[in-house]
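Below you'll find the structure, written out as structure tokens, and then a few comments.
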Amino acid sequence: TFVSTEEDKYNLYSNLLFKYFLAEGVVSGHDLFVASAKAHPDNILKELPAPLLGDTHKTEMEETTAVKSEDSQDSMKIAWRYQNLPKMEASPTTSTKFGHYYDVSKTMSPEQLQSIKCHSFYLPEELSSQPKIKTWPMNRAYARLLQSIQSVICQEGFDGSDRQKKQKNILRIGIQSLGSLLWGDDLCSSDTPKDIHSLTKFLYVLRGLLRKSLSACIITVPAHLIQNKAIMERVTNLSDMVVGLESFIGSERETNPLYKDYHGLVHVHQIPRLNSLMCDVSDTKDLAFRLKRKLFTIERLHLPPDLSDTVSRASKQDLADSAKLLSSGCGAMAVGKKHLDF
Amino acid sequence: GKFTLLQDSGTDGSFLVHHFLSFYLRAGCKVCFVALLQSFSHYNVVAQKLGVSLTAAKDRGQLVFLEGLKSCLDLLFGEEEEQPGQPSPLQFLRESTSDLKALFDFVQTSLTPTSSDSWKVPVLLVDDLGILLSLGASPVAVLDFIHYCRVTVCSQLKGNIVVLVHSNEDSEDEENKLVVNSLCHHSDLILWVEGLATGFCKDVHGQIKIIRRVSLELTGEQDHVQLYQYKIQDKNVTFFAPGLSAAVL
């Protein structure tokens with residue numbers, strides 16, 4: 001499965017989500033593949049949040065591990081039968097039984113990292129090495145990345161090619177800031193990019209690789225920088241799951257009383273509909289996130305009670321506008337017309 | 001033969017693709033399925049819930065399945081000397097030629113009946129056409145491809161074509177809009193799936209407009225438009241008149 005995250009403006013929170021995905025992989029014993037053009041993957045790995053094992057969460061952890069082993073058994077069975085990918089859904093709002101908790105104020109210990117295999121792809125290093133590739137119909141950086149992922153999948157047997165391997169494992173791939181200038185793509189800097197289809201072609205091939213192997217992938221995309229909205233629509237179509245993070249930093253929403261408890265909004269643009277006619281839609285459409293000292297949480301957005309007597313007309317209008325925006329819903333299920341007046 | 005356009009706006013219309021696939025297979029038609037978006041096993045799992053086995057259909061030669069994702073991987077990661085006489089259907093990705101002739105040839109070869117075939121009318125099913133644009137094909141190339149397919153499948157072989165496209169109202173994808181508009185004009189039947197104007201609802205997943213393009217027959221009649229709402233369940237989809245969802249009654 002393939003999760004796209006639209007980066008928030010200063011890439012603070014999407015970076016955090018990215019690290020969570022990787023940390024979950026470490027704790028679950030999955031192999032990691034980290035690709036980045038800016039920060040060296042080793043540095044990213046050093047900054048993964050530490051899993052919470054404190055007293056307060058001990059009982060939950062025990063519950064978690066007990067249920068998790070059942071879950072992983074099921075997912076192994078499914079993977080074996082269909083040679084397909086298990087669904088990877090990180091939705092802390094639905095239940096506490098899936099996944100682990102992390103303490104963002106601490107980093108994961110190196111020992112824990114060493115328990116799994118980490119593959120890294122650091123673009124500046126990769127490009128300097130001799131490329132022995134035939135010409136590919138896309139940006140060179142993307143082509144190198146795809147080849148690297150493919151060789152890891154093949155060599156480590158994630159595509160089921162190694163029948164000897166009894167223990168099936170999952171490869172978690174994380175790719176940062178796809179589509180940005182760092183990857184040699186001028187989608188963000190130009191109205192008429194040189195190769196406008198490079199990113200979408202890359203995503204299509206990536207999707208193919210994910211489908212034929214036991215892997216899950218998260219990518220972050222600086223959507224706010226990409227001028228061409230058509231490309232973002234196509235990226236959404238090519239992804240299984242799309243989550244957009246909108247942080248309130250520097251926006252007028254920072255002072256909006258509606259959002260005073262939160263640091264940003266979570267927009268779920270698309271959810272996976274795999275192997276089924278239906279998709280698993282939760283009842284909540286309005287999600288917000290906040291970063292406390294230790295925890296990053298995503299919660300249902302609660303409208304604060306309108307208690308004040310002296311609420312001016314201007315702020316009431318703001319609240320009404322925000323409330324309208326709240327019910328826009330996500331793409332897999334119906335999206336209603338915006339600005340419907342009641 | 002008929003050309004049916006499946007169009008979705010603001011929601012996912014792929015359930016219609018699954019429906020038509022199992023419908024035509026059960027009817028005994030020879031089906032060529034150009035599946036660009038999902039893997040074979042995805043369609044197979046859903047088809048089994050609908051009572052049809054794609055693997056069995058493939059084995060008995062009734063279904064020709066082009067798994068776009070796999071084809072693309074074979075093309076890019078495969079060896080140079082594959083089968084010199086048989087270019088990949090997705091050849092346009094590699095070459096600088098922007099036409100989809102290889103894809104068309106694939107469709108034509110798949111659906112032209114052989115002497116041993118005893119299937120009913122051939123059917124071409126595409127999910128979804130917009131992917132070709134994402135892969136670098138020009139809108140003109142895509143429309144040409146569809147045109148050639150129509151001539152062969154609908155006119156010559158008297159078969160049907162069913163194509164899925166996405167179209168959002170506030171989309172800025174001009175190329176996609178061009179393709180969709182053009183296809184709309186030339187379709188015999190349009191199934192347009194949309195979200196409800198009032199937003200998300202647990203019991204009614206959306207509405208479907210069925211537009212029979214009677215106006216194309218130049219008899220002076222207007223197109224017939226029917227509106228239903230639907231709810232998707234695990235093994236089927238229920239349709240009902242607007243406002244008459246089981247949850248409301």
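Numbered from 1 within each chain, the chains take letters A, B, ... in sequence-line order.
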Report the C-alpha separation of B:Leu135 and A:His197 in whole Å, then their side-chain angles, then the decisive distance to 0.1 Å, and conclude whether the side-chain contact (heavy atoms from CB on, under 4.5 Å) test is met.
-> CA-CA 6 Å; B:Leu135 290 176; A:His197 297 115; over 6 Å; no
Are B:Gln38 and A:Arg207 close enough, and set up right, to give a side-chain contact (heavy atoms from CB on, under 4.5 Å), and what steps lead you there?
-> CA-CA 9 Å; B:Gln38 302 281 17; A:Arg207 197 181 160 91; 3.1 Å; yes
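Atom-to-atom distance recorded for A:Leu146:CG and B:Leu76:CG is 8.0 Å, nearest 0.5 angstrom. Taken from CG in B:Leu69 to CG in A:Leu210, the straight-line distance is 9.5 Å, to the nearest 0.5 Å.
Between chain A and the options B:Cys72, B:Ser171, B:Ser71, heavy-atom pairs under 4.5 Å are most frequent for B:Ser171.
Looking at B:Leu73, only its side chain comes within 4.5 Å of chain A, counting heavy atoms on both sides.
More than 12 heavy atoms of other residues, nucleotides or ligands lie within 6.0 Å of OH in B:Tyr230, so this atom counts as buried by the packing criterion. Applying the 6.0 Å contact sphere to NZ of B:Lys177 captures more than 12 heavy atoms from other residues, nucleotides or ligands.
In this structure, A:Asn237 and B:Ser134 have side chains that are not in contact, with every pair of non-hydrogen atoms separated by 4.5 Å or more.
Checked by atom type and distance alone, the side chain of A:Tyr204 never pairs as donor or acceptor with a backbone atom of B:Ile131 at under 3.5 Å. Judged by distance alone, with hydrogens and angles left aside, the side-chain atoms of A:Glu233 form a donor-acceptor pair with the main-chain N or O of B:Glu172 at under 3.5 Å.
Across all non-hydrogen atoms, the minimal contact from A:Leu209 to B:Phe77 is CD2-CE1, 3.9 Å.
Classification of A:Arg234 and B:Glu175 as a salt-bridged pair holds, one side-chain N sitting under 4.0 Å from a carboxylate O.
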